[in-house]
2 protein chains.
Amino acid sequence: MASVGIKDVAARAGVSVATVSRVLNAHASVSPAARERVLAAVDALGYRPNTLARSLRTDQTRTLGLVISDVLNPYFTELARSVEEEARALGYSIIFGNADERPELQDHHIRTLLDRRIDGLLVSPADGGSPLVLDAARAGTPMVFVDRWIPGLDVPVVRADGSSAVRDLVAHLHGLGHRRLAIIAGPAATTTGSERVAAFRDALAAYGLELPAEYIGQGDFQAASGRRATERFLALPEPPEVVFAADNLMALGALDAIRARGLRIPQDIALAAFDDIPWFVHTDPPVTAIAQPTGELGRAAVRALTDLIEGRTPESVTLPARLVVRSSCGEHPPTGTTRRSDA
Amino acid sequence: MASVGIKDVAARAGVSVATVSRVLNAHASVSPAARERVLAAVDALGYRPNTLARSLRTDQTRTLGLVISDVLNPYFTELARSVEEEARALGYSIIFGNADERPELQDHHIRTLLDRRIDGLLVSPADGGSPLVLDAARAGTPMVFVDRWIPGLDVPVVRADGSSAVRDLVAHLHGLGHRRLAIIAGPAATTTGSERVAAFRDALAAYGLELPAEYIGQGDFQAASGRRATERFLALPEPPEVVFAADNLMALGALDAIRARGLRIPQDIALAAFDDIPWFVHTDPPVTAIAQPTGELGRAAVRALTDLIEGRTPESVTLPARLVVRSSCGEHPPTGTTRRSDA
DNA sequence: AATCCTCGTGTAATCGATTCCACGAGGAGG
DNA sequence: CCTCCTCGTGGAATCGATTACACGAGGATT
């Protein structure tokens, strides 16, 4: 039952544990004969080094932590996938934590990750900055923010800039004749929560349009909040002509609410969303959305973090998002299929 | 920079490391006074035990590995979420691995997990059984299969039985007048790949219907394969009236293919899927699907695994799946909203 | 031929916890 | 008053690796 250790390998190869360690780590000089015997012993015994012991000694785990805001959100899921892929290519593994958009759950995972002595942390903060994150950052834990970030910290940020895409969206909507535009925002404590509202408001201003308070629904990036916000919009004396959801889950909730009211999209009300996902092609109707270069973001984030860990100078990265027009805001659907460019 | 260790705590509290360890682990007897001082020192220093050292010594990590077949599949994502939740409640953490339906990637993750000395493994095998999985099972690694399994191994299985739901589906389809029914299958090397075809064929047989070879599309549970299989169906001299996709991603691919052909659902061709997801409510049209009690499965799997680890006798669990009728197979959509019961 | 490197190797300290064992103090029982 | 537990505590071994240091053998340099 006792799994085989380095001692067993050493014994079988007739060398010391030091030599075994040396061949395994391509260290220093080892005679070809000894190397041969060690390698033979290793796979005769099926030896696998104990990473716990190794990490304890070397003080590095070659593991990165990734705390994502919500696993049920396809955007984060795709992000997680690309992060893991890039990390693997660079010789790191990833341990995920899912925050479910709850700051206390986020902290739980960060704590666990830190306890495991991960080499670095990738976070998409669910709030404006828990003491835990702040302390970790100040204590010098290698850390990179992805998608969302916390201002005022010397931590590289990898994210997409949606403002130009939001301008395109508003231009599109305005061109279709819409004038009363509403937004379902994310939590103000998150950068993506507040920035998307600001970008939307600015874009409206360019057309001389206002964004009245009752046209800002407060959501939390989860489907249920999108539903509630939309119901509130629809109950208004003068409901908006367009609802723009700041993420895809709240768009799903909006879809629920609109369908429950028996309204049609886009005839009765138009819908657009931040974050494009494959399902938006097949919803009724296909949803106009702002697509982020998700895969690129994940890869860039990993590169930034490994740069930081390995002593190179990481750079913050901002990539542009882009508008993908479908038919949920009115007019004819675009001819042909509109596909996402991000693979 | 050297993070604080148990020695620092001991020094500050004026006791030995043994005593510190004892209060931290609620072991043996410690005087209230000493306990007090230790606790004070612990949070004055912000001490956190090094889990690597602890695990090395105790030979347990209180960590479970979960290898899922595909993170981009909402079914597995939901499974992962419930698994983590239940594990957390029981005092374990989860490390995920995403196999992307590729056996070699699955093996990579299992190897990594094993190297980390996880206490137990939850697997949804992407193939009929890699040597790695077989060896681990035989070597006595606590292991539980979830969703899919490998026959002939003494490993508990937690899964859903879809056969009765498939019968319901076929009855529904037959009742709508459909007679030429096709299926997009998963890889034959997976149990869910072959069982769903078998269940479908059996259900058809009850109505005196055949399942000809050209009506069995070979997929791999990924969207692209669903698209290809559907294109092949549509190119047949006598195309099927219904396509039943064995998972939701292949259904997405089928949707793509059907739309690209300019056909309408359900007038030109009907569609149904295994695995229900929130988006199916809002696709065009809403998709009739077989829903698994995903959350329950995840929780049961964790309980079985922890039973195994902690020396209790785990039990295999089979829960029923159920049919959720929407409008993608014809007829009127059900009145009211059809929601998923699984929270 | 004496000296000095270089090369290959082994011994032992170390990482940070847990835990067995021994030991002294104090109370109970005789 | 002596003996024997029990209780609280500390010393030191241990888990399985890595790696600094020492050392002996052999070749090269003078």
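Lettering of chains follows the sequences in order, A, B, ..., and the numbering in each one begins at 1. Only heavy atoms go into these numbers, but all of them, side chains included; no hydrogens, no water, no symmetry mates.
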Problem - Distance (rounded to the nearest 0.5 Å) between B/Ser130 OG and B/Ile150 CD1 - result: 6.5 Å

Handout entry: SB check B/Glu78 B/Arg81 (cutoff 4.0 Å)
Key = no

Fill in the blank from the handout: note: A/Asp115, atom CG; C/dA17, atom P; distance rounded to Å ~ 11 Å

Practice task
Mark yes when over 12 heavy atoms from residues, nucleotides or ligands other than A/Asp154 sit less than 6.0 Å from its CG; otherwise mark no.
Solution key: no

Practice task
Rounded off to whole Å, could you give me the CZ-to-C1' distance for the A/Arg116 and C/dA17 pair?
Solution key: 16 Å

Handout entry: Pairwise distance CD1(B/Ile95) to CG(B/Leu64) - rounded to 0.5 angstrom
Key = 9.5 Å

Exercise for the section: Could you list the residues that satisfy side-chain hydrogen bond (donor to acceptor under 3.5 Å, both in side chains) with B/Glu315, not counting sequence neighbours? Expected result: none

Practice task
Answer yes or no: does a side-chain N or O of B/Asn25 lie under 4.0 Å from OP1 or OP2 of C/dT18?
Solution key: yes

Handout entry: Side-chain N,O (B/Arg54) to OP1/OP2 (C/dT18) below 4.0 Å
Key = yes

Handout entry: Charged N-O contact under 4.0 Å between B/Glu296 and B/Arg303
Key = yes

Handout entry: Spacing between B/Asp8 atom CG and C/dA17 atom P, to the nearest angstrom
Key = 9 Å

Practice task
Please state how far atom CG in B/Leu56 lies from atom C1' in D/dG16, giving the value in whole angstrom units.
Solution key: 6 Å

Fill in the blank from the handout: 5' to 3', nucleotides 6-11 of chain C under a 4.0 Å protein heavy-atom cut-off (B base, S sugar-phosphate only, - none) gives -SBBBB

Exercise for the section: Rounded to the nearest angstrom, tell me the gap between atom CZ in A/Arg57 and atom C1' in C/dT14. Expected result: 5 Å

Exercise for the section: Grab the CG-P distance between A/Leu52 and C/dT18 for me, whole Å please. Expected result: 14 Å

Completion exercise
Separation of D/dA17 atom P from A/Arg117 atom CZ, nearest Å, is 20 Å

